[in-house]
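All ligand and atom numbering here is 1-based and tracks the order in the structure.
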Amino acid sequence: MPDSTPHKRAAALRELLDRYNEEYHVRDAPTVSDAEYDALIRELRALENAHPDLRTPDSPTQRVGAKPSEGFLPHEHSVPMLSLGNAFGADELRAWHTRLTRQLDGEPNAYTAELKIDGLAVSLRYRDGVFESGATRGDGVVGEDVTPNLRTVRSIPLRLRVPHEGVLEVRGEVYMRRSDFDRLNESRVAQGEPPFANPRNSAAGSLRQLDPAMTAQRPLRFFAYGIGANQPALRATTQWDLLAALDGFGFPVNKEARRFASFDEVVAFCDEWEGKRSTLDYGTDGVVVKVDSLAQQRDLGAVGREPRWAVAFKYPPEEVTTTLRSIEVNVGRTGSVNPYAVLEPVQVGGVMVSMATLHNEDYIHAKDIREGDVVTVRRAGEVIPEIVGPLVAARKGKQLPVYHLPARCPVCGTPVQRAEGEAMAYCPNAVCPAQIIERLAHFASRGAMDIEGLGYRSAISFVEAGFVNDVGDIYSLTADRLLTLPRTGEKSAANLVAAIERSKARPFARVLYALGIRFVGFQTAQLLADAVSDIDALASMSAQELQATEQIGPSIAESVVSFFAQPANRAIVEKLRTAGVTLRGQPRPRTATDGPLVGKTLVLTGTLPSLSREEATALITSAGGKVAGSVSKKTDYVVAGEAAGTKLSKAESLGVPVIDEGALRKLVERA
Ligand code: IVH
């Protein structure tokens, strides 16, 4: 039942809406549906429309609605927003620590270590607990007043959860999550707008929109990490308490922050996050290490704009900008035409990068990447470098044509094909030298046939010399022929021939993998090898039969069928067979579904006169029977040989029939 007076009802609604907002945007733990929230905000809006005097500046209805402005007014920070000195690497971090220890005449009591969020710093001013104004950092002394825009950021409370009579300035970072950024860029591209280069630029651009309605549509978030003016002064005595107080006021505080008593732990924290930061959904460019005690912070003071009590431990950037010199393509083993970027070499994530994958033509168009662009390159952890996007603003009047994949295979000149609905384009020429080389290199690679000495370079020379047209031809290479190639000595020729010889003994699963059948990776090859007796059995299976095999889906099945349907591939199999390559597996013993022993369980004990344990097991399972390890009432027969042990006596006590090898053979042959 709504409260009796509009005034009371409005107050109750605001309180509810504030709570739900905080649960959703600050704590990531909503307790009501979006629909319920929307219904309440509609009710409040209607109330405020009917009674305009009820409309307070901290009302949840006031997040959006301010009119576009002509520009931002300067905002002078009453307490300057300091910047931080940098420490690159553990040595510089320790040097910082040594300096302040000397100045304090001893070690600080404790430290906080906070992830350095890669966004933009803002200062939020609350008067009597109500959000009053907010500004960007600017040069630290004067920033820009972006109050209406900050109001739209849902994780910034419009009213503090704990009352604070007087002034409180809260400082922190406005940022955008990577996932939100990706989604935003996708929709921008879909609407024909240029994508943003990275989450940071996107957050900065969004916060500086003249129309707050635009900012409201951008997924901005906030983390609080400090305070500016505070009157009456907050009671916190440490940075750690301060973070707890900010949390209590209803601000999002990054949950990875830690307090450490020893400096070694701080160093370990920095180290740990270097590897882990790429797993976060927001960008970080380091760790901010702070002396925990606010009294010790005061003692240490600042040099210019940089406090002595804090330092930014910086990671090598995972994202940098560079020039995209050109887009080239290579042709893969399946004939896929793969575009890649040739970059002005740059250091990113600690390594030199001069190439980045571009996946396919649609990817290039979606990101609007053009040759000659300045692009953002990203490399997170061990991930292959990729292009995040172009800096469209850097094009300035340059005419950069939209990229198109070449119409013909750059290696053999065959027209490139792209099937309806497929992302990749292919060179359909199965004997395209580029494909042959890729297939050879794959065939000879480590996890496949492991032919030492057969890498890309030799693959190219074999194809160029006309010695090899497919992987089957590898086995007709002789030392004499190899010696006719440039830069090939007796020793290396002999070594290669020996390595090729050794490869014939690789297990069947590896041969299947080495053939490079589309979608057949190492795991799948193993599954297939387990399922069939030999390659001929596999080659004669229908897609339906293949799909009956565990974990084999329609794409793999189709791919296997189409591989063996091609005469060229059947010819390869024949070459491998002639060479003596392993083309049959050791199928795991499988229970036959018919035979004289179907439904029967047998137990083996002792040494049989002519059958090994494995042979006896194979004999039983091929007749449809099962072999169990121990005797029970459910056992149908115990097959006993020389020196049978407790299983025999157990069988006798349970009345289970005991037979010898001869009787077993008779049972099986009865069929
Ligand atoms: S403290 C005096 N804590 O880093 C201390 N800054 O280079 C002032 N930043 O402008 C900043 N995360 O934009 C602090 N947990 C954190 C931070 C952080 C990101 C940014 C902030 C500041 C810049 C300093």
Q) What do the steps show when you test Ser59 against Gln62 for side chain to side chain donor-acceptor pair (under 3.5 Å), and what is the final call? A) CA-CA 5 Å; Ser59 170; Gln62 299 307 297; 5.0 Å; no
Q: Mark yes or no for whether Arg161, through its side chain, and Gly248, through its backbone, hold a donor-acceptor pair below 3.5 Å.
A: yes
(Q) If we ignore hydrogens and angles and just use 3.5 Å, is the side chain of Asn254 paired with the main-chain N or O of Phe223 as donor and acceptor? (A) no
(Q) Using heavy-atom distances only, which candidate in Arg305, Glu306, Lys290 approaches atom 3 (N) of ligand 1 most closely? (A) Lys290
Between [X] and ligand 1, is there a nitrogen or oxygen pair with a distance under 3.5 Å?
{"X": "Ile117", "answer": "yes"}
{"X": "Glu114", "answer": "yes"}
{"X": "Lys116", "answer": "yes"}

Between [X] and ligand 1, find which residue part has any heavy-atom pair under 4.0 Å and reply side chain, backbone, both or neither.
{"X": "Trp309", "value": "side chain"}
{"X": "Met81", "value": "neither"}
{"X": "Leu115", "value": "backbone"}
{"X": "Ala310", "value": "neither"}

May I ask you to list the atoms of ligand 1 that are less than 4.0 angstrom from any heavy atom of [X]?
{"X": "Leu82", "answer": "2 (C), 8 (C)"}
{"X": "Arg137", "answer": "10 (O)"}
{"X": "Pro307", "answer": "2 (C)"}

Identify the protein heavy atom lying closest to [atom], giving its residue, its atom name and the separation to 0.1 Å.
{"atom": "atom 20 (C) of ligand 1", "answer": "Glu173 OE1, 3.5 Å"}
{"atom": "atom 5 (C) of ligand 1", "answer": "Leu84 CD2, 3.6 Å"}
{"atom": "atom 17 (C) of ligand 1", "answer": "Tyr225 CE2, 3.4 Å"}

Tell me which donor-acceptor pairs under 3.5 Å the side chains of residues 288-296 have, and how far apart each pair is, sequence neighbours excluded?
| residue | atom | partner | partner atom | Å |
| --- | --- | --- | --- | --- |
| Lys290 | NZ | Glu114 | OE1 | 2.9 |
| Lys290 | NZ | Glu114 | OE2 | 3.3 |
| Asp292 | OD1 | Gln239 | N | 3.2 |
| Asp292 | OD1 | Trp240 | N | 2.9 |
| Asp292 | OD2 | Arg259 | NH1 | 2.8 |
| Ser293 | OG | Ala295 | N | 3.3 |
| Ser293 | OG | Gln296 | N | 3.0 |
| Gln296 | OE1 | Asn109 | N | 3.3 |

Output side-chain donor-acceptor pairs under 3.5 Å for residues 339-349, partner residues at least two apart or in another chain, one line each.
| residue | atom | partner | partner atom | Å |
| --- | --- | --- | --- | --- |
| Glu344 | OE2 | Arg325 | NE | 3.4 |
| Glu344 | OE2 | Arg325 | NH2 | 2.7 |

Q) How are the rings of Tyr175 and Tyr282 set to each other: parallel, tilted or perpendicular (split at 30° and 60°)? A) perpendicular
Q: Indicate the ring-plane relationship of Trp96 and Phe263, choosing parallel, tilted or perpendicular according to the 30° and 60° boundaries.
A: tilted
(Q) For Arg94, is there an ion pair with Asp91 - N to carboxylate O distance below 4.0 angstrom? (A) no
